[in-house]
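FYI, side chains are in, hydrogens and waters are out, and symmetry mates aren't considered; it's all heavy atoms of this structure. Lettering of chains follows the sequences in order, A, B, ..., and the numbering in each one begins at 1.
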Amino acid sequence: MLSLLKLAPICKVKLALRVLPLHQCVHRPFSAVANSIALTLDDFENKNKAADFNVLFRSCKSVDVAKRLHAFLVVLGKAQNIILSAKLVNLYAFLGDVAFSRSTFDQIQRKDVFTWNSMVAAYVRSSRCREALNCFNEFLSTSDLRPDFYSFPPVLKACPNLIDGKKLHCWVVKTGFEQDVFVAASLIHLYSRFGALDDAHKLFVEMPVRDVGSWNAMISGFCQNGSAAEALDVLNSMKIEGLKMDTITVSSLLPVCAQSGDMTSGMLIHLYVIKHGLETDVFVSNALINMYSKFGSLWNAQKVFDDMKVRDLVSWNSIIAAYEQNNDPITALGFFKDMQLIGIQSDLLTVVSLASIFGQLSNKKNSRSIHGFVMRHEWLDKDVVIGNSLVNMYAKLGDMDCARIVFEQLPVKDIISWNTLITGYAQNGLACEAIDAYNMMTRCSNIIPNQGTWVSILPAYSHVGALQQGMKIHGRLIKNCLYLDVYVNTCLIDMYGKCGRLDDAMSLFYEVSRETPVPWNAIISCHGIHGHGEDALKLFKDMLAEGVMPDHVTFVSLLSACSHSGLVDEGQRCFDVMQREYKIRPSLKHYGCMVDLLGRAAYLDKAYNLVTNMPVQPDASIWGALLGACRIHGNVELGKYASDRLFEVDSENVGYYVLLSNMYANVGKWEGVVKVRSLARDRGLRKTPGWSSIVVGSKVEVFYTGNQTHPKCMEIYEELSILTARMKNIGYVPDYSFVLQDVEDDEKEQILMSHSERLAMAFGIISTPPRSLIRLFKNLRVCSDCHNATKYISKITQREIVVRDSNRFHHFKDGFCSCGDYW
DNA sequence: GTAGGGTTAG
């Protein structure tokens with residue numbers, strides 16, 4: 001056995017190292033393996049066959065194997081060898097165990113520059129920058145040795161800021177190491193890392209000799225600062241000098257192609273990759289997957305992934321994120337399961353994707369497991385991104401209480417944390433909470449709002465009709481000369497439109513860039529909710545004339561605009577054009593608009609046919625639209641059918657019970673009304689609280705239905721009593737079918753009177769000068785009885801009253817409403 | 001005997 005191993009090739013030793021139990025390496029030192037290693041060592045020390053020994057080091061693919069080799073070196077008395085000991089420090093760092101590197105390092109009695117360099121580099125490799133710098137300082141203060149040009153690249157990499165970087169740079173210049181290509185590349189990288197691209201470029205230009213690494217350092221510097229054009233310029237000069245892109249050039253460039261939307265350059269680089277066989281590099285393939293994912297080209301991303309021979313965690317994270325970010329959480333989840341199956345451990349970024357996947361899937365159970373997983377690993381303290389993704393996950397599940405709890409627990413909150421919270425509130429219809437959160441954020445001095453903040457707070461302001469606050473933001477953006485992207489501008493257009501300033505919305509619309517459908521959709525929608533269907537159609541024509549491609553949102557805005565204005569033929573034409581010319585498959589939202597459009601215009605049969613022939617399963621909004629139409633046109637039979645279907649899919653929305661009750665009442669079927677009431681009572685309804693807001697002075701006042709805590713409560717109810725009496729004198733008859741509670745008529749009258757829109761209106765009347773205009777906002781659709789009452793109130797008080805509900809604007813004047821009771 | 005420049009995020 002011994003003699004066999006003596007002559008055996010190095011691979012037998014490698015095998016033995018992998019399978020030998022550790023204690024055998026320590027306690028039976030002169031085994032065959034030890035002898036064989038001893039022989040290899042002899043060769044190594046005699047400089048004859050050093051290559052064999054390097055092979056041995058390289059073959060250590062895990063800390064365990066490294067420990068066995070280490071144990072043999074100890075018993076062979078070679079652990080203090082100046083080269084071997086430093087190699088062990090390196091080896092442990094490569095295998096990800098910097099603690100072992102350090103303990104090995106500490107045991108080395110005689111340390112030379114190589115030893116110290118190895119330890120500093122080991123820390124840098126493990127992203128322990130502070131320890132790396134401490135170690136470097138220890139090196140300077142405890143030894144008589146001077147750093148060499150190998151010392152600087154790792155130290156420059158660990159440098160935490162530009163000031164220290166500049167000091168190091170001076171030192172490098174003094175020692176003359178600036179001429180070294182490795183050191184120079186590190187300096188270029190350092191300057192770019194802190195955004196000092198001019199300094200980086202100056203260094204680069206002044207270099208007497210440049211290798212591919214130097215070019216790469218400059219290109220990646222521009223890339224990481226998002227300067228795609230400059231990066232491509234440098235690339236061109238590099239080509240002119242006859243140098244070829246390598247895997248590092250390519251993997252620096254691909255992300256900026258994605259960022260700047262330059263698909264052509266991205267695909268050209270992919271062709272280059274294929275031609276030069278660079279796709280075997282994991283970094284390159286990973287970067288390609290990410291680029292294609294950002295372009296929404298999942299087929300290409302998948303192809304690259306499938307063709308990979310070796311995949312790492314980043315590859316899996318990338319393909320999971322690709323599907324997750326392109327709205328295919330199911331496939332993304334499939335990849336996650338495959339990844340688990342082959343035993344790859346998730347990291348933080350995997351979990352970020354998973355949180356988004358379960359949020360998209362509304363999977364509460366798995367979402368909680370993800371939360372638990374994060375807590376067990378204490379990742380909430382490790383990185384703010386993971387916490388933000390949990391806040392976002394709960395917001396998507398509609399569970400803002402949990403979202404808030406996670407948010408409060410974040411040890412560090414950045415601007416994204418705040419934006420996520422604000423958006424979460426706003427998108428769950430909790431505009432007031434969104435505004436509160438925004439106000440809290442403005443009190444944090446270290447948080448600077450960004451585009452994302454405006455995009456989340458402006459819709460909240462539009463939602464409650466806080467025009468003045470919205471204008472304050474607009475003013476702030478103009479004053480600070482902030483560049484407004486198309487989304488912020490669109491939010492402003494939407495805000496002005498929804499706060500009743502259609503003219504301001506239009507003038508802003510004509511000022512902004514209109515190359516994408518985004519601002520068009522907003523302005524079309526604004527005209528729709530104002531009941532200006534013809535104008536909405538005209539804008540759509542203008543949009544096509546300017547060569548802007550409509551998307552699915554355009555048609556939702558357009559169809560609902562037609563619906564609000566009773567433009568049946570035009571609506572049907574749009575629905576047809578959308579599918580035929582623009583190949584947009586109708587979503588539930590489009591079908592909802594169509595059912596609404598046809599139903600309200602009394603084409604109940606057509607609406608019913610559409611619902612039954614839809615290729616997608618109708619949801620509550622579809623049946624609700626049909627029920628609403630049946631109520632208007634008194635079709636009890638179809639209404640009953642629609643409500644039965646409706647309660648199968650959503651039995652908890654109190655609004656639908658009100659509709660049904662009102663439908664029975666309108667045709668005098670009182671037993672139906674009673675039945676609906678008891679049904680609603682039995683089911684213990686979850687009621688969406690109705691609220692209305694009004695701006696008086698600069699203050700937004702919010703009234704909930706039945707509110708009795710307002711400081712002016714007494715005066716409000718008194719005003720309402722007086723108004724009700726006067727309304728009755730000129731013909732107002734309360735419609736009790738909107739009251740689901742089973743109580744006496746006078747109590748029902750009280751309930752109607754305490755509807756939030758009436759409280760807000762009465763407050764407006766007593767708080768503003770006579771005959772001035774009143775603007776109200778209601779979170780739900782305005783109730784029919786309140787609509788009717790408002791007509792009378794506008795006549796009695798001789799005021800214009802503008803009510804914006806969740807659906808559209810109602811402009812009351814002199815006893816009439818602009819919607820012509822068609823809403 | 002060591003070192004530079006690269007891929008994934010809410």
Side-chain angles (χ1 to χ4, degrees), chain A residues 44 47 50 53-54 57 81-90 93 112-122 124-125 147-157 177 180-190 192-193 204 210-221 223-224 245-255 258 278 281-291 293-294 312-322 324-325 347-353 355-356 359 383-393 395 410 414-417 419-420 423 452:
Chain A
F44 170 69
K47 307 282 177 201
F53 204 77
N54 284 336
F57 264 91
N81 177 298
I82 195 88
I83 296 173
L84 295 176
S85 55
K87 268 181 170 284
L88 280 170
V89 171
N90 275 324
D112 68 356
V113 186
F114 171 34
T115 323
W116 283 101
N117 286 350
S118 300
M119 193 59 235
V120 174
V124 176
R125 195 164 294 127
D148 61 6
F149 53 77
Y150 284 106
S151 314
F152 283 103
V155 175
L156 291 168
K157 202 173 181 179
F177 294 142
D180 181 83
V181 275
F182 283 67
V183 176
S186 301
L187 281 167
I188 292 169
H189 180 243
L190 174 97
S192 328
R193 196 150 55 90
F204 174 74
R210 285 185 284 253
D211 68 354
V212 187
S214 328
W215 289 92
N216 285 341
M218 195 61 251
I219 291 173
S220 80
C223 288
Q224 283 168 0
M245 293 197 282
D246 67 1
T247 54
I248 294 183
T249 330
V250 166
S251 36
S252 305
L253 284 165
L254 288 172
L278 304 182
D281 185 273
V282 214
F283 281 76
V284 170
S285 287
N286 292 347
L288 282 167
I289 296 174
N290 286 304
M291 180 189 73
S293 155
K294 293 226 170 78
D312 65 0
L313 178 58
V314 179
S315 325
W316 287 96
N317 282 348
S318 303
I319 196 75
I320 292 170
E324 173 255 307
Q325 285 168 6
D347 73 347
L348 219 122
L349 294 185
T350 325
V351 174
V352 167
S353 288
S356 170
D383 197 326
V384 62
V385 174
I386 190 82
N388 294 346
S389 69
L390 289 183
V391 174
N392 189 39
M393 175 185 81
L410 295 180
D414 66 0
I415 182 63
I416 310 276
S417 322
N419 291 353
T420 311
T423 311

Should [X] be listed as having a side-chain N or O under 4.0 Å from OP1 or OP2 of [N]?
X	N	result
K294(A)	dA9(B)	yes
K87(A)	dT2(B)	no
H189(A)	dG4(B)	no

Among the candidates [options], find the nucleotide nearest to the side-chain atoms of [X].
X	options	value
L348(A)	dA9(B), dG4(B), dG6(B)	dA9(B)
Q224(A)	dT2(B), dG4(B), dT7(B)	dT7(B)
V352(A)	dG6(B), dG4(B), dA9(B)	dA9(B)
P153(A)	dG4(B), dA9(B), dT2(B)	dG4(B)

On a plain distance test, is the side chain of [X] in donor-acceptor contact with the base of [N] below 3.5 Å?
X	N	result
D246(A)	dG5(B)	yes
S251(A)	dG6(B)	yes
N216(A)	dG4(B)	no
N286(A)	dG6(B)	no

Classify the nucleic acid contact of [X] as base, sugar-phosphate or nothing, counting any heavy atom under 4.0 Å across all strands shown.
X	value
S214(A)	base
S118(A)	nothing
V384(A)	base
N392(A)	sugar-phosphate
R210(A)	nothing
D281(A)	base
S220(A)	sugar-phosphate
D112(A)	base
V113(A)	nothing
V250(A)	nothing
N317(A)	base
V212(A)	base
F152(A)	nothing

Take atom [atom1] of [X] and atom [atom2] of [N], then tell me their distance rounded to the nearest Å.
X	N	atom1	atom2	answer
R125(A)	dG5(B)	CZ	P	11 Å
D148(A)	dT2(B)	CG	C1'	8 Å
I248(A)	dG4(B)	CD1	C1'	9 Å
D180(A)	dT2(B)	CG	P	15 Å
F182(A)	dG5(B)	CZ	C1'	10 Å
F283(A)	dT8(B)	CZ	C1'	11 Å
D211(A)	dG5(B)	CG	P	12 Å
N54(A)	dT2(B)	CG	C1'	12 Å

Exercise for the section: Output yes if the stacking criterion (under 5.5 Å between centres, under 30° between planes) is met for Y150(A) over the base of dA3(B), else no. Expected result: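 No, Y150(A) does not stack on the base of dA3(B).
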Straight-line distance of F182(A) CZ to Y150(A) OH, nearest 0.5 Å: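 Interatomic distance, F182(A) CZ to Y150(A) OH, rounded to 0.5 Å: 8.0 Å.
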N419(A) side, atom CG; N392(A) side, atom CG - distance, nearest 0.5 Å: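 CG of N392(A) is found 11.0 Å from CG of N419(A).
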Check: Considering residues at least two apart in sequence or located in another chain, which fulfil the salt bridge (Lys or Arg N to Asp or Glu O under 4.0 Å) criterion with R193(A)?
Finding: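 By the salt bridge (Lys or Arg N to Asp or Glu O under 4.0 Å) rule, R193(A) matches no residue at all.
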Fit a plane to each ring of F177(A) and F152(A), take the angle between them on a 0 to 90° scale, and name the class: parallel (under 30°), tilted (30 to 60°) or perpendicular (over 60°).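 If you compare the ring of F177(A) with that of F152(A), the planes turn out tilted.
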Point to revise | Distance-only donor-acceptor check, side chains T350(A) and D347(A), under 3.5 Å | key: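 On atom types as modelled, these side chains qualify, holding a pair under 3.5 Å.
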Can you tell me if S417(A) and D414(A) form a side-chain donor-acceptor pair at under 3.5 Å?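 There is such a pair between these side chains.
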With sequence neighbours excluded, tell me which residues meet side-chain contact (heavy atoms from CB on, under 4.5 Å) with D246(A).
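Per chain and number, D246(A) pairs via side-chain contact (heavy atoms from CB on, under 4.5 Å) with V212(A), N216(A), I248(A), T249(A).
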